[in-house]
There are 2 protein chains.
Amino acid sequence: MPDDPPAPDDIFSAFFLEVGILAQLSRALFSLRLPPGISVSQFTVLNHLVRVGDGGTPLQLARAFQVPKTSMTHSLTVLERHGLIRLAPNPLDGRSKFTFITAEGRAFLQASRAALAPDIRAMGDLFPASRLAGVLPTLTELRRILDAMRDDPSPDQT
Amino acid sequence: MPDDPPAPDDIFSAFFLEVGILAQLSRALFSLRLPPGISVSQFTVLNHLVRVGDGGTPLQLARAFQVPKTSMTHSLTVLERHGLIRLAPNPLDGRSKFTFITAEGRAFLQASRAALAPDIRAMGDLFPASRLAGVLPTLTELRRILDAMRDDPSPDQT
DNA sequence: ACTATCTAGTGCGAAACCGCACCAAATGCA
DNA sequence: TGCATTTGGTGCGGTTTCGCACTAGATAGT
């Protein structure tokens, strides 16, 4: 290797490339474990509803996952069709809705987590979770920055 | 169970969640800078052809990006329709093809990189690339492991 | 050589994703 | 109050993604 200049562009692109493949790969692995008809996105939303708490609006969910609201509408529609969530009208705002997990939804999430557990454990055997914990803050921080760049429509101009 | 100290499961899920959002976010930002009609995937393939070198087969590309070969077929079709790549038959193997970038492809890639540069620079201002460089090896290593788990159909039969 | 098996690529159909345009409800303003 | 603007959500259409099944070409075993 004759050259090793610290070109920051290359670092960023290498990083995003790695992140992209990682996301893709984990997504593929996970979806293999989920029952057919449920996608990783759907699972993720369900997971979020339990972790953070339900009763929020679809738009809040869309923002939390940084997806267009039409995509979230779709995901929620599928989840509701499967009886895993329930959409209730917002009595305070006629345009809005509330999102609740159903008992089936909780059970389903539980089962899915169980189905995923062996893989997680296998990963943990090959790769210590503590090392991941080490990089997590960095990822989170960068995510916040990207987030901000997104809200802020200013790429560059003085 | 009031106890939740270092649960490795949580670390992994938090990590994958962060990676997923990061991928999503960067993808969204990038696609904003690309000319309409070209998606991030297409750009990524083009980028790969220049970095690693062209002349490979579609299947090799599919494996490099860890996507199903049908997805790669689609991407390549689009790229060819735009005249950014050229698919040539493999004289040694009638089933196979070779993938080459065209001059337009190179020019397009050049222009896209230029369009992306300001954003990268903006990121670099807010977040030192050196910190990314620090986490990169960890990501790469985990990627390799996921890769191996994928090829190996053994999750850990219960 | 001859057949069985395997492999590269594609057609097809279904699902996911998402921009655009729209509606209805809420808010702001005068 | 009346009207313009903003906001939450959805219908629609186009693109991407990907599993399944198939074809044509290559390889292996006998």
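Residue numbering restarts at 1 for every chain, and letters A, B, ... go by the order of the sequence lines. Everything numeric here is computed off the predicted structure, so don't read it as measured data.
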Discussion item. Under 4.0 Å from OP1 or OP2 of C/dG9: is there any side-chain N or O of B/Arg63 that close?
Written reply: no

Worksheet item: Looking at residues at least two apart in the chain, or sitting in another chain, which of them share a side chain to side chain contact (heavy atoms under 4.5 Å, CB included) with B/Leu126?
Response: A/Ile145

Practice prompt. Could you tell me which residues satisfy side chain to side chain contact (heavy atoms under 4.5 Å, CB included) with A/Gln110, sequence neighbours excluded, listed by chain and number?
Written response: A/Arg113

Worksheet item: Between A/Pro118 and A/Ala115, which heavy-atom pair has the shortest distance, and what is it?
Response: CD-O, 3.4 Å

For nucleotides 10-14 of chain D, print each protein N/O atom paired with a nucleotide N/O atom at under 3.5 Å, atom names and distance only.
residue : atom : partner : partner atom : Å
D/dT10  : OP1  : A/Lys97 : NZ           : 2.5
D/dT10  : OP2  : A/Thr73 : OG1          : 3.2

Worksheet item: For B/Ser31, what residues pass the side-chain hydrogen bond (donor to acceptor under 3.5 Å, both in side chains) criterion, not counting sequence neighbours?
Response: none

Worksheet item: Any sub-3.5 Å donor-acceptor pair from B/Ser96's side-chain atoms to B/Asp93's backbone N or O?
Response: no

Discussion item. Regarding A/Gln42, tell me which of base, sugar-phosphate or nothing describes its non-hydrogen contacts under 4.0 Å with the strands shown.
Written reply: sugar-phosphate

Worksheet item: If only side-chain N and O atoms of A/Ser71 are considered, is one of them under 4.0 Å from the OP1 or OP2 phosphate oxygen of C/dA16?
Response: no

Side-chain polar contacts of residues 79-89 of chain A - donor-acceptor pairs under 3.5 angstrom, sequence neighbours left out - could you list them?
residue : atom : partner : partner atom : Å
A/His82 : ND1  : A/Val78 : O            : 2.9

Worksheet entry | Nearest-nucleotide 5' precedence on DNA chain D, A/Ser31 against B/Ile38 | B/Ile38

Practice prompt. Not counting sequence neighbours, which residues clear side chain to side chain contact (heavy atoms under 4.5 Å, CB included) with A/Leu59? List them please.
Written response: A/Thr57, A/Arg63, A/Lys69

Worksheet item: For the helix from C/dA1-D/dT30 to C/dA30-D/dT1, how many degrees between its two end axes (five pairs per end), to the nearest 10°?
Response: 30°

Worksheet, complete the sentence: Whole-Å distance, B/Leu34 CG to C/dG19 P, equals 13 Å

Practice prompt. Not counting sequence neighbours, which residues clear salt bridge (charged side-chain N to carboxylate O under 4.0 Å, His left out) with B/Arg144? List them please.
Written response: none

Fill in: Length of the line joining A/Leu79:CG and C/dC17:C1', which is rounded to integer Å
15 Å

Practice prompt. Enumerate the residue pairs fulfilling ring-ring contact (aromatic ring centres under 6.0 Å, His included) with a member in residues 24-50 of chain A, sequence neighbours excluded, ordered by first and then second residue.
Written response: A/Phe30-B/Phe16, A/His48-A/Phe65

Discussion item. Testing the basics here: between A/Pro58 and A/Leu76, what is the closest heavy-atom pair and its distance to 0.1 Å?
Written reply: CB-CD1, 3.6 Å

Practice prompt. Measure from the side-chain heavy atoms of B/Ser41 and tell me the nearest of D/dT16, C/dA8, C/dA16.
Written response: D/dT16

Atom pairs under 3.5 Å, N or O on each side, protein against nucleotides 23-26 of chain C: can you list them with distances?
residue : atom : partner : partner atom : Å
C/dA25  : O3'  : A/Gly94 : N            : 3.2
C/dA26  : OP1  : A/Gly94 : N            : 2.8

Worksheet item: What is the distance, rounded to the nearest whole Å, between atom CZ of B/Arg27 and atom P of D/dT15?
Response: 17 Å

Worksheet item: Is there a donor-acceptor pair closer than 3.5 Å between any side-chain N or O of B/Ser71 and the backbone N or O of B/Val67?
Response: no

Worksheet entry | Rounded interatomic separation in angstrom, taking CD from A/Gln60 and C1' from D/dG9 | 14 Å

Practice prompt. Taking side-chain hydrogen bond (donor to acceptor under 3.5 Å, both in side chains) as the test, write out the residues that go with B/Gln24, two or more places apart.
Written response: none

Discussion item. I need the CD-P distance between A/Gln24 and C/dC17, as an integer number of Å.
Written reply: 13 Å

Practice prompt. Would you check if the side chain of B/Thr140 reaches a backbone N or O of B/Leu136 as a donor-acceptor pair within less than 3.5 Å?
Written response: yes

Worksheet item: When the nearest nucleotide of DNA chain C is assigned to A/Arg81 and to B/Ser96 on a heavy-atom basis, which residue is associated with the more 5' position?
Response: B/Ser96

Worksheet item: Is there a donor-acceptor contact under 3.5 Å from the side chain of A/Asp54 to the main chain of A/Ile101?
Response: yes

Worksheet item: Please give, in whole Å, the distance from D/dT17 P to B/Gln66 CD?
Response: 15 Å

Fill in: Any residue of residues 48-56 of chain B with a heavy atom less than 4.0 Å from an atom of DNA chain C
none

Fill in: B/His74 vs D/dT16: side-chain N/O to OP1/OP2 distance below 4.0 Å
yes

